[in-house]
Amino acid sequence: MIKEEIMAYEFGLRSRQRLSGVNPDLVDVMNRAISISTQDFSIIEGIRSIERQRELFKSGKSQTMESRHITGNAIDLVSHPVSWEFEDFYPIADAVIQAAKDCDVKVRWGGNWKVQDLREWEGTAEELVDAYTGKFYDLPHFELPKE
């Protein structure tokens with residue numbers, strides 16, 4: 001009988017560097033998520049300067065100048081290999097949902113801005129996106145919501 005081995009992913013150097021300065025609770029969630037995810041992913045942005053936020057706001061890629069990135073309370077990620085398709089974010093978001101529960105950290109996702117705490121969600125990431133009635137999706141984005 002062959003024992004099935006589960007692939008445990010881990011962050012590379014760039015992802016670890018991009019987590020530098022990010023709130024330790026969110027770093028814990030991301031480290032847990034990468035270890036249980038069925039889809040490899042990378043952190044593409046953690047802390048963001050006000051200048052960078054201004055660029056993203058002006059280009060319409062961000063909806064606010066009060067981004068949680070500026071304070072180290074948000075990250076953006078992408079699947080590896082890189083894909084911007086919704087379905088490629090679902091297994092990653094499923095892992096983040098479980099990681100938020102495992103680490104007992106309140107996390108909000110750009111797949112459904114109305115759910116303030118992923119620990120309370122009992123469905124899949126795909127179901128969470130389907131339940132969203134808003135117009136602005138930001139599937140790469142996870143944040144610690146403001147209290």
Side-chain angles (χ1 to χ4, degrees), residues 8-147:
Y9 296 109
E10 59 185 45
F11 288 127
L13 179 60
R14 277 194 199 147
S15 288
R16 290 193 311 271
Q17 288 171 335
R18 290 172 180 152
L19 287 170
S20 178
V22 170
N23 184 302
D25 289 340
L26 188 54
V27 173
D28 288 347
V29 171
M30 290 302 120
N31 282 325
R32 176 68 179 144
I34 192 69
S35 75
I36 62 174
S37 181
T38 60
Q39 171 65 54
D40 195 8
F41 65 94
S42 298
I43 304 298
I44 56 174
E45 194 160 29
I47 290 201
R48 184 181 291 162
S49 70
I50 291 173
E51 294 77 24
R52 170 112 171 100
Q53 185 62 34
R54 191 173 293 118
E55 291 170 14
L56 293 170
F57 182 72
K58 284 181 179 178
S59 71
K61 293 180 181 174
S62 178
Q63 299 289 296
T64 182
M65 275 303 298
E66 296 179 18
S67 171
R68 303 292 286 149
H69 283 280
I70 295 169
T71 58
N73 289 299
I75 61 92
D76 290 337
L77 54 76
V78 69
S79 65
H80 197 67
V82 173
S83 169
W84 301 107
E85 300 299 321
F86 276 33
E87 60 267 11
D88 293 321
F89 284 97
Y90 296 150
I92 300 166
D94 285 332
V96 175
I97 291 167
Q98 185 59 53
K101 292 174 183 179
D102 292 350
C103 297
D104 196 25
V105 174
K106 186 176 182 177
V107 177
R108 185 166 79 155
W109 179 37
N112 185 326
W113 294 105
K114 295 184 180 184
V115 174
Q116 295 293 310
D117 188 347
L118 292 178
R119 296 173 302 177
E120 297 173 358
W121 184 254
E122 294 301 325
T124 66
E126 184 173 5
E127 291 167 338
L128 186 57
V129 169
D130 289 345
Y132 183 52
T133 57
K135 295 180 181 167
F136 183 75
Y137 293 93
D138 189 1
L139 273 62
H141 184 90
F142 292 87
E143 67 180 27
L144 302 178
K146 292 179 183 175
E147 293 299 323

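- Atom CD of Glu10 and atom CD1 of Ile34 lie 9.0 Å apart (nearest 0.5 Å).
- Contact check for Glu143 versus Asn73: no side-chain heavy atoms found under the 4.5 Å cut-off.
- Once rounded to the nearest 0.5 Å, the distance linking CE of Met30 with SG of Cys103 reads 9.0 Å.
- Note: Ser62 OG to Gln53 CD = 4.0 Å, rounded to the nearest 0.5 Å.
- Every residue meeting the side chain to side chain contact (heavy atoms under 4.5 Å, CB included) condition with Val27, not counting sequence neighbours, appears here in chain and number order: Leu19, Val22, Asn31.
- No donor-acceptor pair under 3.5 Å is formed between the side chain of Ser37 and the backbone N or O of Asp40.
- No side-chain heavy atom of Ile44 sits less than 4.5 Å from a side-chain heavy atom of Leu77.
- In this structure, Asp138 CG and Asn112 CG are separated by 12.5 Å, a value rounded to the nearest 0.5 Å.
- At most 12 heavy atoms of other shown residues, nucleotides or ligands fall within 6.0 angstrom of atom CD1 in Ile50.
- Residues Val105 and Leu26 form no side-chain contact, since every pair of their non-hydrogen atoms from C-beta on lies 4.5 Å or further apart.
- A donor-acceptor pair is defined here as one N or O able to donate and one able to accept, closer than 3.5 Å; such a pair exists between the side chain of Ser59 and the backbone of Leu56.
- For the salt bridge (charged side-chain N to carboxylate O under 4.0 Å, His left out) test, residues two or more places apart in sequence or in another chain that qualify with Arg48 are Glu45, Asp76.
- More than 12 heavy-atom neighbours from other residues, nucleotides or ligands sit within 6.0 angstrom of CD on Glu87.
- The side-chain heavy atoms of Thr133 and Lys114, taken from C-beta on, include a pair separated by under 4.5 Å.
- The OG atom of Ser67 sits 6.0 Å away from atom NE2 of His141, with the distance rounded to the nearest 0.5 Å.
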Next on the checklist: Test side-chain hydrogen bond (donor to acceptor under 3.5 Å, both in side chains) on Ser79 and Asp88; report intermediate values, then the result.
Outcome noted: CA-CA 7 Å; Ser79 65; Asp88 293 321; 5.1 Å; no

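- Rounded to the nearest 0.5 angstrom, Glu66 CD and Thr71 OG1 are separated by 10.5 Å.
- You'll find the ring centres of Tyr9 and Phe41 outside the 6.0 Å limit.
- Here the closest heavy-atom approach between residue Asn23 and residue Asp25 is recorded as OD1-N, 2.8 Å.
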Item to check | side-chain contact (heavy atoms from CB on, under 4.5 Å) between Trp113 and Tyr137, intermediate numbers included | outcome: CA-CA 8 Å; Trp113 294 105; Tyr137 293 93; over 6 Å; no

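- When every heavy atom of Val29 is checked against every heavy atom of Ala100, the shortest pair comes out as CG1-N, 4.0 Å.
- Not a single donor-acceptor pair under 3.5 Å links the side chain of His80 to the backbone N or O of Ser42.
- The shortest distance between side-chain heavy atoms of Lys146 and Arg68 falls below 4.5 Å.
- By the 30° and 60° cut-offs, the orientation of the rings of Phe142 relative to Trp109 is parallel.
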Name each donor-acceptor pair under 3.5 Å that joins a side chain in residues 89-99 to protein atoms two or more places apart or in another chain, with its distance.
from, atom 1, to, atom 2, distance (Å)
Asp94, OD1, Ala125, N, 2.7
Gln98, NE2, Asp102, OD1, 2.7

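- Taking all atoms of both residues into account, the shortest heavy-atom contact from Glu127 to Trp121 is C-CZ2, 3.7 Å.
- Here the closest heavy-atom approach between residue Trp84 and residue Pro140 is recorded as CZ3-CG, 3.8 Å.
- Looking at heavy atoms from C-beta onward, Asp104 lies in side-chain contact with Arg119 at the 4.5 angstrom threshold.
- Side-chain contact between Ile43 and Val78 is absent, with no heavy-atom pair separated by less than 4.5 Å.
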